[in-house]
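Presented below is the structure to which this report refers.
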Amino acid sequence: MLSEFDLIARYFTRPTRHTVLGVGDDAALLAPSPGSELVASTDMLVEGVHFFAGADPESLGHKALAVNLSDLAAMGATPRWAMLSLALPQVDEDWLAAFSRGFFALAEHYQVDLVGGDTTRGPRNICVQIMGEVRAGTALRRDGARVGDDVWVSGHLGDAAAAVAHQKGDLRLRGAGLAHCLVRLDRPQPRVALGRALGGIASAAIDVSDGLVADLGHICTRSGVAASVDFESLPCSAAFMPMRNHALVVWAILSGGDDYELCFTVPPGRAGEVEALSGRLGIALSRVGKIVAGSGVKVIDSGGRPMPVERGGFDHFH
Ligand code: ADP
Ligand code: MG
């Protein structure tokens, strides 16, 4: 049986690119670039809460890092370093090999160094800490939205939640539409390039991990404003178009989590810059509403009526 240290050496030790001292000592030594601020975030995936027992380990390796990269994207930061804390019920080398393959494929893509972590026996639990940098004073925060700003969303909303609804038997997806939604659930692509490019353009940003209404609500709370969202303008996959008014699809678009798109606010005079970015990065960017005075998020239907929104977002303690 592999020892804890052999396991770390075999599966979680790779050459680093921009790290003074990585895996193997009591702590890592990191040197952020002069003039930058260190940006740090962490996200945990727990078996039975965030993923099903028996979930594909390569996808889990990808997703554990992807959800963390998404938080840095929402700050407009460049990801640099990650730490990985793992609790595993037993040493399963097939699982470890696939998990580390998924993790490092994404880490390579974003040039992120794995610089340390912790490994222990226990119910399967994956905790990644991500660190990156942003030019001092230029991070995208949740508290910068102003009345009159437009609300924008990247990509499509609701795919991941629709995939979960399909897996639970609550929604029937087929063929290419199903395949697309499953990839979006299992292999989310964090919007890192978009986040970095939005620095200096967006007034506030957040990644959509808990559903649009909940996450835009966080921008509103932190900024002391309200938002009015036009349901018809919300971007969703072609697979949903025929059932766009199905209650579950409406729910997936407004309140489904796990999309890892960015929701951001931009002064209306800068809309042209956002459109140019969409072309340059090849990412759909949709203007979906307005920041207004007040509090909370309202969603308006095609007839101009406010839509009832189910208590949006995921809250582990409700
Ligand atoms: P300590 O006893 O000081 O906590 P550990 O024995 O837990 O140290 O870890 C040894 C080294 O391996 C440390 O550099 C730690 O950061 C790293 N490490 C442990 N687990 C992981 C992991 N899953 N991925 C990457 N690095 C790890
Ligand atoms: Mg330790």
Side-chain angles (χ1 to χ4, degrees), residues 1-33 36-73 75 77-133 186-190 192 207 209 258 260 316:
M1 171 87 98
L2 215 56
S3 77
E4 178 189 330
F5 304 100
D6 294 338
L7 181 162
I8 295 164
R10 184 168 305 173
Y11 295 108
F12 298 112
T13 307
R14 297 279 172 99
T16 55
R17 304 161 190 82
H18 33 242
T19 298
V20 182
L21 185 62
V23 171
D25 213 303
D26 293 310
L29 294 176
L30 314 174
S33 321
S36 69
E37 284 165 349
L38 183 63
V39 187
S41 182
T42 185
D43 248 318
M44 184 154 70
L45 297 183
V46 177
E47 185 171 275
V49 178
H50 302 95
F51 59 91
F52 300 114
D56 171 46
E58 189 167 345
S59 295
L60 280 178
H62 173 101
K63 189 160 180 173
L65 181 57
V67 300
N68 278 276
L69 289 170
S70 179
D71 281 321
L72 286 210
M75 298 301 290
T78 304
R80 295 269 187 233
W81 304 281
M83 302 189 94
L84 171 64
S85 295
L86 273 180
L88 301 170
Q90 72 273 322
V91 175
D92 172 344
E93 290 211 54
D94 291 337
W95 192 94
L96 284 163
F99 178 88
S100 80
R101 198 159 58 238
F103 184 95
F104 281 113
L106 192 63
E108 288 293 324
H109 186 263
Y110 287 105
Q111 306 267 292
V112 168
D113 290 345
L114 181 63
V115 297
D118 201 20
T119 307
T120 156
R121 183 192 297 276
R124 202 180 307 277
N125 184 333
I126 305 159
C127 184
V128 172
Q129 184 191 359
I130 189 88
M131 285 157 289
E133 38 189 22
D186 292 339
R187 304 282 178 120
Q189 296 300 328
V192 174
D207 65 323
S209 55
D258 259 13
Y260 302 103
H316 285 277

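Positions are given from 1, in the same order as the sequence printed here. In each ligand, atom 1 is the first atom listed, and ligand 1 is the first ligand listed.
The side-chain heavy atoms of Ser209 and Val67, taken from C-beta on, include no pair separated by under 4.5 Å. Within the 4.5 Å cutoff, no side-chain heavy atoms of Leu38 are placed close to those of Leu30.
The ligand atoms of ligand 1 that sit less than 4.0 angstrom from a heavy atom of Asp118 are 7 (O), 19 (C), 20 (N), 21 (C), 23 (N). Near Asp26, meaning under 4.0 Å from one of its heavy atoms, ligand 1 places the atoms 3 (O). For ligand 1, the atoms lying closer than 4.0 Å to a non-hydrogen atom of Asp25 are 13 (C), 14 (O). Heavy-atom proximity to Thr119, at under 4.0 Å, picks out these atoms of ligand 1: 19 (C), 20 (N), 21 (C), 22 (C), 23 (N).
Of the listed options Ala87, Ala9, Gly117, Gly117 places a heavy atom closest to atom 16 (O) of ligand 1.
The minimum heavy-atom distance between Ser3 and Asp6, with the atom names listed, is OG-N, 3.0 Å.
Side-chain contact check for Ser59 and Asp186: no donor-acceptor pair (N or O, by modelled atom type) lies under 3.5 Å.
Rounding to the nearest 0.5 Å gives a distance of 9.5 Å between CG of Asn125 and CD of Glu47.
A tilted orientation is assigned to the rings of Phe104 and Phe12, their planes being inclined by 30° to 60°.
Among the atoms of Leu84, some N or O lies under 3.5 angstrom from an N or O of ligand 1. Residue Val23 has no nitrogen or oxygen atom sitting less than 3.5 Å from a nitrogen or oxygen atom of ligand 1, judged on distance alone. At least one N or O atom of Gly24 sits closer than 3.5 Å to an N or O atom of ligand 1.
Distances shorter than 4.0 angstrom do not occur between any heavy atom of Tyr11 and any atom of ligand 1.
Using a cutoff of 4.0 Å between basic side-chain nitrogens and carboxylate oxygens, Arg187 and Asp56 are scored as salt-bridged.
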